[in-house]
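Here is the structure we will look at.
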Amino acid sequence: MSPDQIGDLVQLALIGLAAGFLAGLLGIGGGVLMVPAMVLLLGFDQHVAQGTSLMVVIPAALTGSYTHHRNGRLFLRDAAILAAGGVVGAVIGAVFALSIDDDILRRLFAGFLLVIAVRMLLPKGLFRRESKG
Amino acid sequence: MTGAPGADQRRQLILLGAVGAAAGVLSGLFGVGGGIVMVPAMVLLLAFGQARAQATSLAAIVPIAAVGALIFGRADNVDLVASLLLAAGSLLGVQVGARLMHRLSDERLSLIFGIFLVIVALTMLVA
């Protein structure tokens, strides 16, 4: 194994560590970090980066959820309803992603992050609803 | 859950399912967990506390990501060696993060989540 390859392996584990930390702390999958890191730092195809990211998220989210559950913070019914909608959506999204070209998918991903960016930078009052009682 | 059954609770369940569906599409399409959409949506639309929204999001991500990974994997778009290395790091990271979450107040968590999104945003705008 060349030093270059070892460097890649170490980078992957470190990217995973950072993504896992974000997943546990912020309740996100970490893909928003892993996908750009794999594409930009390691030269992965966009499709492979996304598929790999989804694979990695499964054990991390599972063990993180168990920790939240033990701390009494997890409402399983809410999560089940959220997931029921999510699974249907994921099939639609994944089938569409596989039907498009790698370059186009990369640009769509960048556009998606840009939308989140703009939404975050806008004043919160535009989106925040009054919480009831 | 405020405990008031009926129309209000039905509305909440429908909203939850809809948020999940939207996040699922983004998850399948972009290989992200969808939490970046689910967490703010639960906090802003359903008035969940930050920690509760995050815990609920992380649990929902498990089946959502599994479906996406299955579909991408069947098309040969999963790098298994890379997955193992990333998973080794992330299994450690997620425990550190999840334990830290329970030590922080909702206010502090909201602030950290907001700062994280701004960093993602700025990185995108610069890149």
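Note that the structure is a prediction, hence the values are computed from the model and not measured. Residue numbers start from 1 in every chain, and the chains themselves are labelled A, B, ... in the order their sequence lines are given, proteins ahead of strands.
For the set A/G29, A/G89, A/G31, A/A97, the count of heavy-atom pairs under 4.5 angstrom toward chain B peaks at A/G89. Ranked by non-hydrogen atom pairs under 4.5 Å with chain A, the options B/M38, B/R99, B/Q54 are led by B/Q54. For the options B/A53, B/A88, B/A66, heavy-atom pairs under 4.5 Å to chain A are most numerous at B/A66. Counting heavy-atom pairs closer than 4.5 Å to chain A, the top residue among B/I61, B/I112, B/L92, B/V39 is B/I61. The candidate with the highest count of non-hydrogen atom pairs below 4.5 Å against chain B, out of A/A60, A/G30, A/A80, A/P36, is A/A60. Looking only at heavy-atom pairs under 4.5 Å with chain A, the residue among B/L84, B/V62, B/L70 that has the most is B/V62. Contact count versus chain A (heavy atoms, under 4.5 Å) is highest, among B/A21, B/A75, B/G35, B/G73, for B/A21. With chain B as partner, the option from A/I92, A/L14, A/V91, A/L105 having the largest number of non-hydrogen pairs under 4.5 angstrom is A/V91.
Taking the side chain as every heavy atom from C-beta outward, B/L86 and A/M55 never approach each other to under 4.5 Å. Side-chain contact between B/L109 and A/L25 is present, with heavy atoms from C-beta onward closer than 4.5 Å. Looking only at side-chain heavy atoms (C-beta outward), A/S53 and B/V32 stay at 4.5 Å or farther from each other. Under the 4.5 Å side-chain criterion, counting only non-hydrogen atoms from C-beta, B/L100 is in contact with A/F21. No side-chain heavy atom of B/M42 sits under 4.5 Å from any side-chain heavy atom of A/D78.
Heavy atoms closer than 4.5 Å to chain B are found nowhere in A/A84, neither backbone nor side chain. Using a 4.5 Å cut-off between heavy atoms, A/F44 contacts chain B through its side chain alone, with no backbone atom that close. Of the two parts of A/V35, only the side chain, counted from C-beta on, holds a non-hydrogen atom closer than 4.5 Å to a non-hydrogen atom of chain B.
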Working for side-chain contact (heavy atoms from CB on, under 4.5 Å), residues B/L91 and A/T63: CA-CA 7 Å; B/L91 281 172; A/T63 53; 3.5 Å; yes
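Note: B/L29 CG to A/L98 CG = 10.0 Å, rounded to the nearest 0.5 Å. Here B/L85 contributes atom CG and A/D8 contributes atom CG; the two are 10.0 Å apart, rounded to the nearest 0.5 Å. Rounded to the nearest 0.5 angstrom, A/T67 OG1 and B/M101 CE are separated by 10.0 Å. The structure places CG of A/L12 at 9.0 Å from OG of B/S83, a figure rounded to the nearest 0.5 Å. Atom OG of B/S27 is separated from atom CG of A/L54 by 5.0 Å, given to the nearest 0.5 angstrom. We find the CD-CG distance between A/Q46 and B/N77 to be 10.5 Å, quoted to the nearest 0.5 Å.
A/A90 and B/V67 get closest at one heavy-atom pair: CB-CG1, 4.2 Å. Residue A/A79 comes nearest to B/A60 through the heavy atom pair O-CB, 3.8 Å, listed as atom of the first residue, atom of the second, then distance.
Under the 4.5 Å side-chain heavy-atom criterion for ILVMFWY residues, a single connected hydrophobic cluster contains both A/V32 and B/V37.
Using a 4.5 Å cut-off between side-chain heavy atoms of Ile, Leu, Val, Met, Phe, Trp and Tyr, A/L74 falls into a hydrophobic cluster with A/L76.
Remark: of the listed residues A/L22, A/I15, A/V57, A/V56, A/V56 is the sole one forming a side-chain contact (heavy atoms from CB on, under 4.5 Å) with B/S90.
Dense packing is recorded around CZ of A/R70, with more than 12 heavy atoms of other residues, nucleotides or ligands lying under 6.0 Å away.
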